[in-house]
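These notes are about the structure you will find just below.
Every chain is numbered from 1, with letters handed out A, B, ... down the list of sequences.
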Amino acid sequence: MSSNKRKILITSALPYVNNIPHLGNIIGCVLSADVFAKYCTISGYETMFVSGTDEYGTTTVTRAKQEGITPKQLCDKYHAIHKDIYDWFNISFSHFGRTSCDEQTEIVQSIFKEIYDKGYIVEDTITQPFCIKCDMYLADRYIEGTCPHCGYEKAKGDQCESCGKLLDPAELKSPQCSSCGEKPVFKDTNHLFLDLEKLKGQIEDWVTKQSEFGQWSNNALMVTKGWIEQGLKKRCITRDLDWGVKVPLKGFENKVFYVWFDAPIGYISITANKFKDWKSWWKSPDDVELFQFMGKDNIPFHTVLFPASLLATGDNWTMLKTISSTEYLNYEEQKFSKSRGTGVFGDQAKNSGIDPDLYRYYLLRNRPEKNDTQFFWNDFMEKVNGEIIANYANLVNRVLQFSMKFFDGSINLVDTSDDSVFKFADFENKVNSIKSLYEKVELKKALLEILELCSYGNKFFQDNEPWKIIKEDKEKTNRIISSLFGFVRDISILLYPYIPGAITRYFNSINLSTDTILISNIGNYDMLKGLQINPPGVLFTKLEKELVEKLKEQFAGKKEIINPAEEFSTIALKTGKIISIERHPEADKLYVEKVDMGNGEIRQVVSGLVPYYKEDELLNKVVIIVYNLKPANLRGVLSEGMLLAADDKKAGIVEVLFPDCNEGHYITIHDSKPNTQIIGIEDFAKVPLTVKNNCAEFKNTPLQVAGKKINTVKITQGNIR
RNA sequence: GGCGAUGUAGCUCAGCUGGUUAGAGCACUCGGCUCAUAUCCGAGGGGUCAUUGGUUCAAAUCCGAUCAUCGCUACCA
């Protein structure tokens, strides 16, 4: 069975099962991988392209509970949604599987055993919440309580949804089991850890070698190095949960593997799920080249953690050769957001009435390779209409129409002489260049070079004026058109990975089998001789302004209304008197102050003023506190507000604002009213407070307290924070 | 604050290891063609290559500093 064919194994990051992918997700992994896979296929390489839904983990369990179904049922439902979307986008997986298959259990367990036998697994005890009533350990997500940072009452044990901070469940105040409400007890539980420290040398060697060999992008290499330097510690690979792959070790019967450990192995098991000879792909490092596609947030899993697991087995696995990691695609200068309804998601794209090839074209044309890029509806329309339709589709159409009109649609031998379009466009060199870009997974550039070829085709057509020559020299006209016909056929082959649907329609209209869409057929025109073509149909429908405007409106999401006049009122600034001050026990730069806010309210505030002020320079002074800020935990000490200081970066001076009044006054501009709602630090950071001419201002309006302006002594110009 | 990335025409971007008057597409202005339900071709205007030092015979390109934007991170409070 083994041939001399190159074997290319392609994976695209496994989407988490209950997130519906948006266009940014789609271009990031699945679509990019698909173009490369299609290229490999038409190049005659033996190609395996796998992906699937990542199904295990607490998120699925929680969601299933909410919907009142089992995790399995939930995954069935969402898996179908994913599959449907990718089918619509014409993604040709060898297999789009799921991590909840039997092979996953077998392979994850066997890999684990190998790692265990080699001594890279260590056991350790951690303390975890346990619900007596439910008789189970509570995964981080299953526990709710008050967030120690912001005071949000329904914070989840792993992360507070209000302030976004990552949490340890033990930090929560008044914790509760999220299913029964019982107060959990904290019990010691044994877990297994992958000893990355011990693997460090191997990982580093592998990264050094492989990054060069596989020509990793700078971005991927930087993230990887950062990760390795940041410290490879022991990482926990088990969880107390039952939706996952069981840990095959005595004493761990009730535990499953943690998703980061089992998900990448999903690539292997999904392959095994459909192909009996999966080992010829995944255990064949000398014969197989592995290309992996993902968004930038997934890099360390593929360059460090997954390789570490495989290295630890000591076995001969096929490992990552080339990583293709994209930056993010934003939507009309915002982030895609399901909850805010911003951006186009896979299911919506499908219902938008626009040809999937047009999405494919635009997403790849704008592929975020080096930078984040934007999805703009106007840009979408302009690029689609002006590039793929006006340039390529029009070239196809004029060539075919001309052949129909003047030669009854019969094609003669393709002219490749020095007068032909091939010489005119320096065709051979261009094609080689495009092929090499494909090989390097430079998908955006390859696409642009193909379009450049189309321009040469149009120019050749224009320059030769066959519509005039036909009147005198039919033979010459035939040569012109036949060369263009062959030229367009070749370009279409090159374009197939990007817009497979349209190219298939094109091949049908010229009566050529789609089996002939092969890179090796470029330059081979024997099969075109004597071809009888059909009248061409319309390859694409142009995007109309009205439709685009409608869709833009539909997917705009909730608009943030920024009213400059009320902007200042998002914050509340209040004066307070420092009644005690001491050094933070755990930090060099921080003071911990008790501040009397008036009316007997005392707040504890932490501020980073040690390098700038001595204790007695601040004690008993009246200062300004951001009064409606979410409390934050700074190196173990609660800070219930922020002490305002001006900051002159150029001079390196920090000056605390000392208002000329007593404690308990609000700071205003004009007659603004202080906000009573709690805001986050990021909201506060958006409010531009500055010092100009020794006076504290908001957008050129002086801040006032008790009828007076707030002045600085040392700093004339600067920011306030 | 630290690390990393980015900053080139109105817009989207090319410009690798430094080498002639800085490029493309879109948009704009003008001209031409008509095979093309899509148009196309040509010409033109428009840039102190973020700012600023330095290395060099030569810098958008290399090095340093600064500023701005974005991402991650922190003793941001």
| request: Sequence neighbours left out, what passes side-chain hydrogen bond (donor to acceptor under 3.5 Å, both in side chains) with Arg365(A)? Give chain and number order. | output: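 Testing Arg365(A) for side-chain hydrogen bond (donor to acceptor under 3.5 Å, both in side chains), a comparison that skips the adjacent residues, returns Glu387(A).
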| query | Starting at the 5' end of RNA chain B, what dot-bracket string do you get if Watson-Crick and G-U pairs under 3.5 Å are bracketed, crossing pairs use [ ], other-strand pairs use | and unpaired bases use dots? | reply | (((((((..((((.....[...)))).(((((.......))))).....(((((..]....))))))))))))....
For [N] versus [M], give the span between their [atom1] atoms, rounded off to a whole number of Å.
{"N": "G25(B)", "M": "A14(B)", "atom1": "C1'", "value": "10 Å"}
{"N": "A9(B)", "M": "G46(B)", "atom1": "P", "value": "15 Å"}
{"N": "G18(B)", "M": "A60(B)", "atom1": "C1'", "value": "10 Å"}
{"N": "C49(B)", "M": "A24(B)", "atom1": "C1'", "value": "15 Å"}
{"N": "A50(B)", "M": "C11(B)", "atom1": "P", "value": "14 Å"}
{"N": "G10(B)", "M": "U48(B)", "atom1": "P", "value": "8 Å"}
{"N": "U34(B)", "M": "G19(B)", "atom1": "C1'", "value": "45 Å"}
{"N": "A27(B)", "M": "C13(B)", "atom1": "C1'", "value": "14 Å"}

To the nearest Å, how far apart are [X] [atom1] and [N] [atom2]?
{"X": "Lys405(A)", "N": "U34(B)", "atom1": "NZ", "atom2": "P", "result": "12 Å"}
{"X": "Lys225(A)", "N": "C3(B)", "atom1": "NZ", "atom2": "C1'", "result": "14 Å"}
{"X": "Asn391(A)", "N": "A38(B)", "atom1": "CG", "atom2": "C1'", "result": "11 Å"}
{"X": "Glu452(A)", "N": "G25(B)", "atom1": "CD", "atom2": "P", "result": "9 Å"}
{"X": "Leu329(A)", "N": "G71(B)", "atom1": "CG", "atom2": "P", "result": "15 Å"}
{"X": "Trp467(A)", "N": "C35(B)", "atom1": "CH2", "atom2": "P", "result": "8 Å"}
{"X": "Asn385(A)", "N": "C40(B)", "atom1": "CG", "atom2": "C1'", "result": "15 Å"}
{"X": "Leu484(A)", "N": "C40(B)", "atom1": "CG", "atom2": "P", "result": "16 Å"}

| said: For Tyr506(A), does the six-membered ring have the charged nitrogen or CZ of Arg489(A) within the cation-pi criterion, i.e. under 6.0 angstrom from the centroid and within 45° of the normal? | reply: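 So Arg489(A) doesn't make the cation-pi contact.
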| query | Taking the nucleotide of RNA chain B with the closest heavy atom to each, which residue, Glu387(A) or Phe406(A), is nearer the 5' end? | reply |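 It is Glu387(A), whose closest nucleotide lies nearer the 5' terminus.
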| Whichever of Glu586(A) and Val396(A) has its nearest RNA chain B nucleotide further upstream toward 5' |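 Taking each residue's closest nucleotide, the earlier one in sequence belongs to Val396(A).
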| query | Tyr359(A) vs Phe375(A) aromatic rings, parallel, tilted or perpendicular, using cut-offs 30° and 60°? | reply |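 Geometry flag for Phe375(A) against Tyr359(A): parallel rings.
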Of all the nucleotides listed ([options]), which has the minimum atom distance to the side chain of [X]?
{"X": "Arg398(A)", "options": "A38(B), A36(B), C41(B)", "answer": "A36(B)"}
{"X": "Leu539(A)", "options": "C35(B), C41(B), A38(B)", "answer": "A38(B)"}
{"X": "Lys335(A)", "options": "U37(B), G71(B), U39(B)", "answer": "G71(B)"}
{"X": "Lys459(A)", "options": "A36(B), A38(B), G42(B)", "answer": "G42(B)"}

Would you please confirm or rule out a distance under 4.0 Å between OP1 or OP2 of [N] and any side-chain N or O of [X]?
{"X": "Gln462(A)", "N": "C35(B)", "result": "no"}
{"X": "Asn397(A)", "N": "U37(B)", "result": "yes"}
{"X": "Lys542(A)", "N": "U37(B)", "result": "no"}

One thing to verify: whether [Y] and [X] come together as a salt bridge, which I'm taking to mean a side-chain N less than 4.0 angstrom from a carboxylate O.
{"X": "Lys296(A)", "Y": "Glu327(A)", "value": "yes"}
{"X": "Glu442(A)", "Y": "Lys444(A)", "value": "no"}
{"X": "Asp355(A)", "Y": "Arg505(A)", "value": "yes"}
{"X": "Glu475(A)", "Y": "Arg479(A)", "value": "yes"}

Look for any protein N or O under 3.5 Å of an N or O in nucleotides 7-17 of chain B and output each such pair with its distance, or none.
residue	atom	partner	partner atom	Å
U12(B)	O2'	Lys383(A)	NZ	3.3

| message | Ring centres within less than 5.5 Å and planes less than 30° apart: is that true of Phe402(A) and C35(B) in this structure? | response |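 A stacking contact does not exist, since Phe402(A) is not both close and nearly parallel to the base ring of C35(B).
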| query | Does the side-chain ring of Phe461(A) sit on the six-membered ring of the C35(B) base, less than 5.5 Å centre to centre and under 30° in tilt? | reply |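 Taking the rule of under 5.5 Å and under 30°, the ring of Phe461(A) does stack on C35(B).
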How would you label the contact of [X] with the nucleic acid (heavy atoms, under 4.0 Å): base, sugar-phosphate, or nothing?
{"X": "Ala390(A)", "result": "sugar-phosphate"}
{"X": "Phe540(A)", "result": "base"}
{"X": "Val538(A)", "result": "base"}

| query | Is a side-chain N or O of Asp357(A) found less than 3.5 angstrom from the main chain of Ala502(A), in a donor-acceptor match? | reply |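 Yes, Asp357(A) side chain to Ala502(A) backbone: donor-acceptor pair under 3.5 Å.
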| said: Quick check: any donor-acceptor pair below 3.5 Å linking the side-chain of Arg635(A) to the base of C75(B)? | reply: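 Not at all, since no donor on one side and acceptor on the other fall under 3.5 Å apart.
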| said: Can you say whether a donor on the side chain of Asp463(A) sits under 3.5 Å from an acceptor on the base of C41(B), or the other way round? | reply: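 In this structure, the two groups form no donor-acceptor pair.
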| query | Is the Tyr456(A)-Phe460(A) ring centre distance short of 6.0 angstrom? | reply |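 No, the ring of Tyr456(A) stays outside the 6.0 Å limit from the ring of Phe460(A), centre to centre.
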| said: Could you go through Asn397(A) and Leu539(A), starting from their C-alpha distance and side-chain angles, then the distance that decides it, and tell me whether this counts as side chain to side chain contact (heavy atoms under 4.5 Å, CB included)? | reply: CA-CA 8 Å; Asn397(A) 193 245; Leu539(A) 222 42; over 6 Å; no
| said: Set out, in order, the CA-CA distance, both residues' side-chain angles and the distance that settles side chain to side chain contact (heavy atoms under 4.5 Å, CB included) for Asn675(A) and Ile571(A), then state yes or no. | reply: CA-CA 5 Å; Asn675(A) 191 358; Ile571(A) 59 174; 6.0 Å; no
| message | I'd like to know whether Val592(A) forms a side chain to side chain contact (heavy atoms under 4.5 Å, CB included) with Ile581(A), so could you lay out the CA-CA distance, the side-chain angles of the two residues, the decisive distance to 0.1 Å, and finally the verdict. | response | CA-CA 6 Å; Val592(A) 181; Ile581(A) 178 163; over 6 Å; no
